[in-house]
Each structure stands twice: as structure tokens, then as C-alpha cells.
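Every chain is numbered from 1, with letters handed out A, B, ... down the list of sequences.
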Amino acid sequence: MKLGRRLTRKFFAREPDQVARDLIGTFLIRYTADGRRLGGKIVETEAYLATGDPASHSVRGKTARNLSMFAKPGTLYVYSIHAKYCMNVATESEEIGSAVLIRAVQPLWGIQEMSAARRQTDLRKLTRGPAMLCEALGISTVDDGTDLIGCRRLVMRGAEQSQEKMRTGLQVGCGGRIGISVGIDLPLRFYELGSIWLSR
DNA sequence: ACAACGATACCCT
DNA sequence: GGGTATCGTTGTT
């Protein structure tokens with residue numbers, strides 16, 4: 001697996017649906033305290049808009065909880081739900097409350113560690129959902145507000161070449177978002193077509 | 001101080 | 001596909 005460059009501030013400083021689409025096929029990597037690598041390929045994301053999106057946590061403006069959505073693009077927004085955690089990355093620009101939810105990852109590195117963290121040996125159930133992947137990677141609200149640009153412990157990297165995506169036939173599908181009751185008609189969920197690692 | 005509620009997932013069927 | 005455990009955030013007393 002050839003990794004490309006770390007994703008830049010500029011990458012995240014775009015509309016959340018653009019970022020969500022382009023994140024498919026990139027790599028999410030967590031380095032443990034002893035330097036081991038956990039993570040894999042991002043195969044499913046959802047965009048949450050700053051305006052006109054009733055499902056977005058930023059819909060009622062800035063609060064203590066969603067502060068990281070309004071931080072610099074590339075900032076991690078981690079929130080708790082149902083006694084679990086979900087991770088997002090802030091997009092566009094500071095003071096604009098938009099983000100991309102990471103929904104599913106294809107496990108590639110640190111299978112042993114992630115299985116232990118998930119208390120789960122079935123690979124298909126390791127990172128197949130936003131809360132699952134956070135548990136597998138050891139991400140919680142202590143990571144909220146982390147600036148991904150320049151963070152040593154948590155890294156997002158591109159594929160080696162943008163052409164590589166085309167050559168390996170990675171195609172991105174799009175549809176309505178999952179697990180919410182409003183704004184489900186908006187085509188803001190993105191996923192790798194044909195992937196067996198999606199949340200649903 | 002407290003109760004309701006989720007951008008969930010698990011454990012059944 | 002349905003019921004429910006579980007807990008931080010939020011809005012209401």
C-alpha cells in the first residue's frame with residue numbers, strides 16, 4: 001500500500017460535500033503510543049452543511065459542544081452519542097460550521113490492536129460505522145479540537161497519485177444520509193462503490 | 001439538579 | 001427489521 005502526501009489545510013478548506021467526496025479512497029492513520037500504525041482506507045463519509053441543513057449540529061449556531069465545527073478546516077470534531085463517539089473533520093473556514101462525518105473505514109493496519117479495542121474478531125464488524133471506527137482507533141472526546149494538519153498521532157493521507165484512484169477503478173457513489181430524521185433527502189453521503197466495508 | 005434525547009450498534013428474530 | 005442499553009449535552013426547573 002503506497003501512501004501519498006498528508007492532506008493539507010487547503011484540502012479541507014472547501015465545501016463539505018466536495019471534501020466528503022474526495023476523502024473516499026484516502027487513508028486514516030492513528031499512531032499508538034509505541035509507534036504502531038492503526039487504521040485504513042476511508043470508504044464512507046457524510047457531509048454536514050453550515051447552512052440549510054437541519055441535520056447539522058451547527059444548525060442552531062455555535063455552542064460549547066460543536067465549537068470544533070467552527071474551528072480551522074482540518075480540525076477534528078468528536079461528539080458523543082448513545083454512549084459512543086463519532087468523528088468529523090471541520091471544513092470550509094474558521095467560523096463556518098460545516099464538517100464531514102467519517103462513517104466507515106476499510107481496515108488495513110493494526111488489525112490486532114483494533115480487534116482488541118473493539119473486542120471483536122470479525123473484520124467486517126471492526127470499523128463499519130462511525131462509532132465502531134472511533135472505538136477501533138481509540139478516538140474519543142479527548143481528541144475533539146485536534147488540528148489534523150501537523151498532528152503526529154492522527155494523520156490523513158492521500159493515495160500515492162490521484163491517477164491511482166482512476167487506475168484501480170475506485171468509483172464514488174452518492175446518496176441520502178443515514179441515521180437521521182431530517183435532511184435525509186440531501187445527497188450528502190458518499191461511499192466507495194462495491195466496497196464490502198460500508199456501514200450499510 | 002434533572003430528565004429527555006440522539007449523525008449508534010448490538011442482539012435477537 | 002425491531003427493541004434497547006448507555007451517557008454526554010442540552011434545555012428546563
Rounded distance in Å - [atom1] ([X]) to [atom2] ([N]):
X	N	atom1	atom2	result
Arg189(A)	dA7(B)	CZ	C1'	13 Å
His82(A)	dG3(C)	NE2	C1'	12 Å
Glu46(A)	dT8(B)	CD	C1'	12 Å
Ile102(A)	dT8(B)	CD1	P	15 Å
Asn66(A)	dT10(C)	CG	C1'	12 Å
Ile81(A)	dA9(B)	CD1	P	9 Å
Arg128(A)	dC11(B)	CZ	P	12 Å
Lys84(A)	dT9(C)	NZ	P	16 Å

Centroid-centroid distance, Tyr79(A) to His57(A), less than 6.0 Å:
yes
Nearest listed nucleotide, side chain of [X], among [options]:
X	options	answer
Ser80(A)	dT9(C), dT6(C), dA7(B)	dT9(C)
Arg65(A)	dT9(C), dA7(B), dG8(C)	dT9(C)
Thr63(A)	dT10(C), dA5(C), dA7(B)	dT10(C)
Tyr77(A)	dG6(B), dA9(B), dA7(B)	dA7(B)
Leu101(A)	dA9(B), dA7(B), dC7(C)	dA7(B)

Are Phe190(A) and Val100(A) packed together at the side-chain level, in the sense that at least one heavy-atom pair is separated by less than 4.5 angstrom?
no
Would you mind pulling out the nucleotide paired to dA3(B), Watson-Crick or G-U wobble, both distances under 3.5 Å?
dT10(C)
Which sits closer to the 5' end of DNA chain B, Met132(A) or Ser181(A), going by the nucleotide each is nearest to?
Ser181(A)
Under a 3.5 Å threshold, yes or no: a donor from one side chain and an acceptor from the other, between Ser68(A) and Thr75(A)?
no
Stacking between Tyr48(A) and the base of dA7(B) (centre distance under 5.5 Å, interplanar angle under 30°)?
yes
Looking across every strand, which nucleic acid part, if any, lies under 4.0 Å from Arg118(A) by heavy atom: base, sugar-phosphate, or nothing?
sugar-phosphate
Which part of the nucleic acid, if any, lies within contact of Ala55(A), taking any heavy atom under 4.0 Å across all strands shown: a base, the sugar-phosphate backbone alone, or nothing?
base
I'd like to know if His57(A) reaches the base of dA7(B) with its side chain, counting only an N/O donor and acceptor under 3.5 Å.
yes
Does Arg14(A) count as lying over the ring of Phe11(A), i.e. NZ or CZ under 6.0 Å from the six-ring centre, within 45 degrees of the axis?
yes
Geometric cation-pi criterion Arg177(A) and Tyr48(A), 6.0 Å radius, 45° cone
yes
